[in-house]
Trainee: 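Before anything else, here's the structure in question.
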Amino acid sequence: MDNITIARLLDETASLLEIDAGDPFRIRSYRRAAEAVEQQTTQLSTLVAEPKQLLAIAGIGKGMAANIVELVSTGTMPLREELLQKYKPTMLELLRLPGMGPKTVALLWSALSVSDIDALETAAKEGKLLELPRMGQKFTDKLLKGIEDYRRNSSRFRIDDAREHADRISALIQTFPGIDEITPAGSLRRGRETVGDLDLLVTGPACEPNVVSAAVEHVAALPLIDKLLAKGQNKVSFTLRNNLQVDVRLLPRASYGAALQYFTGSKMHNVALRQRAIKRGLTLNEYALARLDDNTIVAARTEEDIYRALDLDYIPPELRENSGELEAAANHTLPQLITLTDIRGDLHMHTDATDGRNTIREMAEAALARGLSYIAITDHSKNLAMTNGLDDTRALAHIQRIRAVDAELQSEHKGKIRVLPGIEVDILADGSLDLADETLAQMDIVVASVHSHFAQPIEEMTQRVLRAIENPYVRILGHPTGRKVLGREAIAVHIEQILKRASELGVAVEHNAAPARSDLNDLNLRLAKQHGCKIVVNTDAHTTAELAQISYGITQLRRAWLTPADILNTCPTAKALLTNLRPRP
DNA sequence: GCCGTTTTCGGCCCGACTGTTTTCAGTCG
């Protein structure tokens, strides 16, 4: 059992305890333990013989260590089993619907015996929820909409989840001798926000036709396979326990490029590419680009060879959507897309003053290690009480600490890194901010964010944001739209108003790097560029580790055809950055 | 259930917002 599974089981147990109205502190212990387990770099299953090492992990005590030992050896644990006698596992899925919490799930179960989404939908449509306390027509309508949204999105997996699975599977495949390279293809390689299934392409001496069967057997016997769907000459398909379908193809080196091109897609890109090949008397398939007349192979080994043979510049996977990239590649006008190393600073992160885990200095040193030239410390303000948000007094004191660290590092590292004082203020219902202007005036970076967006009508949310960015101290609009409640389509309609006004005011809009925190999809990013918005790409890091988790965010930027010139924090120095932000009053 | 003790119990991030109330429970972050 791997750490991720252990973490998931502990987290699910916490949810079941919540439904069971258990001790909130006990519940939190399970959640904290789950989080701690997930962050471990060593597999706990290898430590169960040495429970003392488990106790060394913060958040894991005697009881939790026993739980983990039990989980690893039996696959479950007594408390979990006991709760599953009382409740159904499908109830955990109900918790994922917007507006559904443990109390409501418990009530639905006791009053209506509703334990899954289908039954809930039926009950809602029949008006049965109206008979329950605190549930009216509005709640019912919102719930039905939520169910609809949930169903539409749940068949796809988020890119970071998919990437994690891809990495784990790759590591297991890699153990077979004679495997050189494993590349995820499909929408994962193109950087889509979600992927339907996982395509893994594998090559190396072990994948040559005469010997490939042994490697195929190795893949088909991977321990994490839930259901084996198919096993062919060079392809294995299976699903994982979470229902993610994985297709692994083992291909000879000589045709790896053609396969990579073919399986990366998109479908529309490939169709257009094949049309172009035919015009040149060539044919393109998953094995090679070849002449139509005598099947002579023109290119197959690498993608670069194939594009070159079609008189095209190499097209990065993120652009392969048949939305103008072929024309640009033919005319040598493809953009020089932004890369990770172009990002010179990070302007949104938290420390242990609020809900982060590391100190100002630790964050700064991590940024230095990543090669950044400047960062802003933007802890939460008081409205986010659960994060121990800063009130005006504490915020001002925090600035002093940030400046002190900045001064220390300046002398220690000869100005290699600057640490700017900042704050992430919350936008209240009336669009005002929750700290005084006099406090904000002391900050270099003020990020304004809406945090309470439960069941908030989009129009009101939009008005709230529009009002907030009128505050002259706001220099960055943080995660510009709500995450859970607002559907993507709705965002596309309403975000344009926000982007327009932000652009007029010179307020930069933030693109958060981690998908879990990201709100601007590639379409919205393109929209932002169109309206001349300043864009900053941040991590919203709460730990030093998160400070490095920026690659998905970059992929998103690349999908939007953005170049270093489009992104504000590609400025080489803090000074240059600050002059490019909205001027302070 | 964890942790740190003024070491073996008592504390453990809590305010905003919504829908349904008519004083508040539940959800969210």
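Within every chain, numbering begins at 1; the chains are lettered A, B, ... in the order of the sequence lines, protein sequences first and strands thereafter.
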Trainee: Would K88(A) and D116(A) pass as an ion pair if we require N to O under 4.0 Å?
Mentor: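 No, K88(A) and D116(A) are not salt-bridged.
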Trainee: How many whole angstroms separate atom CG of L17(A) from atom P of dG1(B)?
Mentor: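 L17(A) atom CG is separated from dG1(B) atom P by 8 Å.
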Trainee: Taking E126(A) first and then K128(A), would you say they form a salt bridge - that is, a charged N and a carboxylate O separated by under 4.0 Å?
Mentor: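 The answer is yes: the pair qualifies as a salt bridge.
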Trainee: Across all strands shown, which nucleotide pairs with dG4(B) by Watson-Crick or G-U wobble geometry, both distances under 3.5 Å?
Mentor: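 In the structure as shown, dG4(B) has dC9(B) as its Watson-Crick or wobble partner.
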Trainee: Looking at the side chain of K138(A), which of dC12(B), dT20(B), dG15(B) is the nearest nucleotide?
Mentor: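 Taking heavy atoms from C-beta onward, the closest nucleotide is dT20(B).
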Trainee: Rounded to the nearest angstrom, tell me the gap between atom CZ in R96(A) and atom P in dC28(B).
Mentor: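 Whole-Å distance recorded here is 13 Å.
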Trainee: Does a side-chain N-to-carboxylate-O contact under 4.0 Å join R31(A) and D11(A)?
Mentor: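 Salt bridge flag = yes for D11(A) with R31(A).
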Trainee: Quick one: which of dG26(B), dG1(B), dG19(B) gets closest to the side chain of F139(A)?
Mentor: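 Looking only at side-chain atoms, F139(A) lies closest to dG19(B).
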Trainee: The side chain of M64(A) lies closest to which of these nucleotides: dT27(B), dC2(B), dT18(B)?
Mentor: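 Looking only at heavy atoms from C-beta outward on M64(A), the closest nucleotide is dC2(B).
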Trainee: In whole Å, what is the span from the CG atom of L83(A) to the P atom of dG1(B)?
Mentor: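 For the pair L83(A) CG and dG1(B) P, the rounded distance is 11 Å.
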Trainee: Measure up the H380(A) and H350(A) rings against each other and bin them: parallel (under 30°), tilted (30 to 60°), perpendicular (over 60°).
Mentor: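 Ring orientation of H380(A) relative to H350(A): parallel.
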Trainee: Write down the distance separating the C1' atoms in dT20(B) and dT27(B), rounded off to the nearest Å.
Mentor: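 Going atom to atom, C1' in each nucleotide, I get 14 Å.
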Trainee: Starting at the 5' end of DNA chain B and moving along, which residue's nearest nucleotide shows up first, M135(A) or K382(A)?
Mentor: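 Final value for this comparison: K382(A).
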Trainee: Nearest to the side chain of K142(A) - dT18(B), dT27(B), dG1(B)?
Mentor: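 It is dT18(B).
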Trainee: If you find the nucleotide of DNA chain B closest to L55(A) and the one closest to G101(A), which residue's nucleotide is nearer the 5' end?
Mentor: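 First, find each residue's nearest nucleotide; the 5'-ward one identifies L55(A).
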Trainee: Scan N67(A) against the nucleic acid and name what it touches under 4.0 Å (heavy atoms): base, sugar-phosphate only, or nothing.
Mentor: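 Nothing, no heavy atom under 4.0 Å.
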Trainee: When rounded to the nearest Å, what value does the distance between P atoms of dT8(B) and dG4(B) take?
Mentor: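 Their P atoms lie roughly 14 Å apart.
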Trainee: Under 4.0 Å, counting only non-hydrogen atoms across every strand here, what does E18(A) touch: a base, just sugar-phosphate, or nothing?
Mentor: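 It contacts nothing in the nucleic acid.
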Trainee: Figure out the CG/C1' separation between D426(A) and dC14(B), and round it to whole Å.
Mentor: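 Answer to the nearest Å: 13 Å.
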Trainee: At under 4.0 Å, does any side-chain N or O of S29(A) touch on OP1 or OP2 of dC12(B)?
Mentor: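 The answer is no; no side-chain N or O of S29(A) sits under 4.0 Å from OP1 or OP2.
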Trainee: Looking across every strand, which nucleic acid part, if any, lies under 4.0 Å from I27(A) by heavy atom: base, sugar-phosphate, or nothing?
Mentor: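 It contacts nothing in the nucleic acid.
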Trainee: Rounding to an integer number of Å, can you tell me how far K103(A) NZ sits from dC28(B) P?
Mentor: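 Going from NZ in K103(A) over to P in dC28(B) covers 12 Å.
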Trainee: If the cut-off is 4.0 Å, is R26(A) near the phosphate of dG1(B), judged by side-chain N/O to OP1 or OP2?
Mentor: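 Yes, within the criterion.
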Trainee: For D20(A) and dG1(B), give me the distance from atom CG to atom P, rounded to whole Å.
Mentor: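 In whole Å, dG1(B) P and D20(A) CG are 13 Å from each other.
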Trainee: Taking any heavy-atom pair under 4.0 Å as a contact, classify A58(A): base, sugar-phosphate, or nothing.
Mentor: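 Touches sugar-phosphate only.
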Trainee: Below the 4.0 Å mark, does dC3(B) have OP1 or OP2 next to a side-chain nitrogen or oxygen of K62(A)?
Mentor: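 The answer is no; no side-chain N or O of K62(A) sits under 4.0 Å from OP1 or OP2.
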Trainee: Could you state the CG-P distance from D355(A) to dC28(B), rounded to the nearest angstrom?
Mentor: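 Atom-to-atom, D355(A) to dC28(B), this comes out as 18 Å.
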Trainee: Between dT23(B) and dC17(B), how far is it from one P atom to the other, in whole Å?
Mentor: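 Rounded to whole Å, the distance is 23 Å.
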Trainee: I need the CG-P distance between L384(A) and dA16(B), as an integer number of Å.
Mentor: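 Value for this atom pair: 10 Å.
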Trainee: Mind checking T104(A) for me? I need base, sugar-phosphate or nothing, with any heavy atom below 4.0 Å counting as a touch.
Mentor: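 Sugar-phosphate, no base atom in range.
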Trainee: Keeping R32(A) on the side-chain end and I27(A) on the backbone end, is there a donor-acceptor pair under 3.5 Å?
Mentor: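 Answer holds: no.
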Trainee: Quick one: do E470(A) and R501(A) make a salt bridge, cutoff under 4.0 Å?
Mentor: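 Salt bridge flag = yes for R501(A) with E470(A).
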Trainee: Take atom P in dA16(B) and the same atom in dT21(B), then report the distance between them in whole Å.
Mentor: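 Taking atom P in both dA16(B) and dT21(B), they lie 24 Å apart.
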Trainee: Determine the interatomic distance between C1' on dG11(B) and the same-named atom on dT18(B); round to the nearest Å.
Mentor: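 These two C1' atoms come out 31 Å apart once rounded.
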Trainee: Any Lys/Arg nitrogen of R361(A) or E365(A) sitting under 4.0 Å from an Asp/Glu carboxylate oxygen of the other?
Mentor: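 So R361(A) pairs with E365(A) through a salt bridge.
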Trainee: Using a cut-off of strictly less than 4.0 Å, decide whether R134(A) has a side-chain nitrogen or oxygen near OP1 or OP2 of dG26(B).
Mentor: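 Yes, such a contact exists.
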Trainee: Need one value for P102(A): base, sugar-phosphate or nothing, where a base atom within 4.0 Å counts as base even if backbone is also close, heavy atoms only.
Mentor: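 Sugar-phosphate, no base atom in range.
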Trainee: Determine the interatomic distance between P on dT6(B) and the same-named atom on dC12(B); round to the nearest Å.
Mentor: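 The answer is 16 Å between these two P atoms.
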